[in-house]
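Not measured: the values here are computed from a predicted model.
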Amino acid sequence: MANERVLIVDDEQEIVRLCAVILAGEGYVTEGVSSGWEALLRLEAEAFDLLIVDIKMPEMDGLELLRRARDLEPNLTTIVITGYATMDRAIEALNSGARRFVLKPFGVEELLSAVEDAMAQKRREEEVLRLRAQLPILEIGQMLMREGDVESLSRRLLDVVVRQTEADQAVLMLLDERAGELHVVAVCGLPDGIARQQRVPAAQSMIGELLEAQEPLVREVLADSPLESGVAAMWASTEPGSLVLTPLRTGQKAVGILGLGYRADAYHRGSNRRPPLSPSALNLLSIMAGQIAIALENMRMYELEQQRTEALAHALEQQRELDRLKGEFMRNVSHELRTPLSMILGYSELLTSGVLGEMRAEQIGALEIIVQRAFALRDLVDNITAILENESREPQAEPVPLAEIIEEALADFQVLADQASLTLKGEINVRELSVLGDPSHLRRMVDNLISNALKFTPAGGTVAVCLDSIDGEAVLRVSDTGIGISETHVGRIFERFYQVDGTIRRQFGGSGLGLALVKEIVEGHQGTVQVESRPGEGSTFEVRLPVMD
Ligand code: ADP
């Protein structure tokens with residue numbers, strides 16, 4: 001395959017040149033060196049896809065070079081070149097990992113077929129490695145499906161990483177952006193207590209650099225060097241070795257750091273030291289770090305969302321409790337008001353009747369004002385109670401004969417109408433008509449309409465209450481010849497507390513709750529209410545309700 005890099009090592013320049021010419025013809029990029037030492041320097045500096053080594057070389061022979069090269073990169077693909085005299089060593093080389101050998105003297109075809117074979121085998125092995133590398137990633141992916149919290153997920157993720165990278169120690173730290181520090185969420189191979197207390201300022205030079213990095217950072221921890229950061233400090237209690245620190249990032253966002261520790265004895269081999277992780281293992285680590293970052297960030301966001309939901313649920317619960325207390329309070333207040341009101345009305349009636357002695361004209365006038373205001377107050381208390389009931393209590397659903405309710409109301413309001421010099425008349429055109437609903441609510445609705453009509457009609461006027469059945473609906477009309485409502489206000493009179501103007505309240509009393517309650521009750525019975533009105537001429541309120549079959 002074109003552009004693959006080949007390092008050729010032979011003390012005989014002719015062989016190096018020959019190999020270079022043959023391979024360059026096939027598109028390989030070659031480099032030649034004449035000793036093992038030179039080869040190691042090149043391998044340390046750059047990555048090669050293939051190493052071709054002569055077995056018999058002075059100073060460091062091919063076999064030694066092979067061993068050291070594989071210490072640098074365990075998956076390095078190699079071919080050995082050998083004469084018959086070194087056949088035993090060639091076999092030894094194959095046993096220690098060389099893919100092919102080529103016998104001297106060799107022709108173009110022989111070299112090419114050995115190189116092609118070795119490279120094909122290398123590609124197959126890489127594919128296997130790639131597939132194997134998918135396993136931990138799959139495992140991490142599966143962890144996302146399971147329930148848990150950030151800490152337990154971190155611990156499980158760390159286990160997977162440690163298994164794959166054979167680290168002696170591992171730590172997973174998450175970035176707390178607001179506090180500007182990293183805190184440990186999971187450790188492996190480190191004293192649990194010590195490490196878990198650890199918080200590391202994110203601004204520290206190495207940490208800051210690492211959080212911004214895209215690749216793992218490999219650092220050596222020497223026995224006598226002072227440890228330079230809080231991360232390294234975690235290994236203070238252990239022997240010198242290597243740290244592999246990997247940034248955990250999702251796209252542009254730094255999530256935390258994954259730290260792996262390798263004890264020195266784990267990677268000192270012979271005279272040569274190898275880095276704790278090969279380039280392919282570092283690559284896998286980067287991929288795993290990406291997956292881990294996503295997993296943890298998702299879990300963190302999920303936890304945050306859950307906390308918010310809980311806070312909302314708590315607030316809702318508090319709101320409900322407040323509503324309940326408010327309802328209870330209002331009920332108590334209206335009960336406490338109703339009792340003295342009944343007394344006021346009762347005694348006023350006694351006084352008016354003359355049972356307690358004749359009264360002078362001006363006394364009767366004053367008494368009338370008391371009675372009027374007491375009735376208005378009772379009306380308000382009744383409306384508040386009805387609104388509260390409407391909000392909190394499931395309304396009753398029973399057949400309600402509307403005609404009866406209207407007649408009762410007409411009888412009750414007759415006194416008030418007489419006092420106000422108004423004509424109150426009823427026109428019940430259907431008797432056998434029932435609505436499925438709550439009798440006390442429906443009565444309240446009728447009362448509010450009649451009381452408004454009486455309230456807003458000057459003396460001498462008429463209030464007419466009419467019940468019909470039209471298109472299968474009960475139609476109740478309350479008309480008056482009163483002051484009427486102008487177009488600007490008519491759209492808003494059904495809102496709670498809305499009154500056409502403040503002077504009306506002073507003149508007629510009221511709270512602005514009556515029509516709002518009418519609308520709520522009517523709609524609660526699947527009905528509609530509307531008004532037609534002309535200022536100075538009067539108003540007609542029309543309620544339509546579905547009737548029972
Ligand atoms: P209130 O307790 O003030 O009567 P309502 O909700 O019953 O409250 O009525 C709201 C407003 O609508 C009243 O203040 C009044 O301005 C107007 N209104 C209601 N009914 C009539 C009516 N029959 N004629 C004229 N205006 C009315």
Are more than 12 heavy atoms, taken from residues, nucleotides or ligands other than [X], located less than 6.0 Å from that residue's [atom1] atom?
X      : atom1 : result
Lys253 : NZ    : yes
Glu495 : CD    : yes
Glu166 : CD    : no

Between atom [atom1] of [X] and atom [atom2] of [Y], what is the distance when rounded to the nearest 0.5 Å?
X      : Y      : atom1 : atom2 : answer
Ile483 : Lys455 : CD1   : NZ    : 10.0 Å
Leu424 : Leu416 : CG    : CG    : 9.5 Å
Leu517 : Ile521 : CG    : CD1   : 4.0 Å
Glu487 : Ser533 : CD    : OG    : 10.0 Å
Arg373 : Ser348 : CZ    : OG    : 14.0 Å

- Take Leu467 and Asn429, measure what side-chain contact (heavy atoms from CB on, under 4.5 Å) needs, and give me the verdict at the end. CA-CA 6 Å; Leu467 180 66; Asn429 297 323; over 6 Å; no

- Item | Heavy-atom pair of closest approach, residues Leu545 and His525 |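 Nearest pair, atom of Leu545 first, then His525: CD2-CB, 3.8 Å.
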
- Query: For the residue pair Val430 and Asp468, what are the closest heavy atoms and their distance?
  - Reply: CG2-C, 3.6 Å

Do side-chain atoms of [X] reach the backbone of [Y] as a donor and acceptor pair under 3.5 angstrom?
X      : Y      : result
Gln164 : Val161 : no
Thr481 : Thr462 : yes
Asp480 : Gly538 : no
Ser353 : Leu350 : yes

[X] with [Y]: basic N within carboxylate O range, under 4.0 Å:
X      : Y      : result
Asp447 : Arg443 : yes
Glu336 : Arg338 : no
Arg324 : Glu321 : yes
Arg496 : Glu520 : yes

- Message: Between Gln414 and Asp418, is there a side-chain donor-acceptor contact under 3.5 Å, judged purely by atom types and distance?
- Response: yes

- For side-chain contact (heavy atoms from CB on, under 4.5 Å), just list the numbers for Met359 and Leu367, CA-CA rounded to whole Å, side-chain angles, deciding distance to a tenth of an Å, and then say yes or no. CA-CA 10 Å; Met359 287 205 296; Leu367 200 59; 3.3 Å; yes

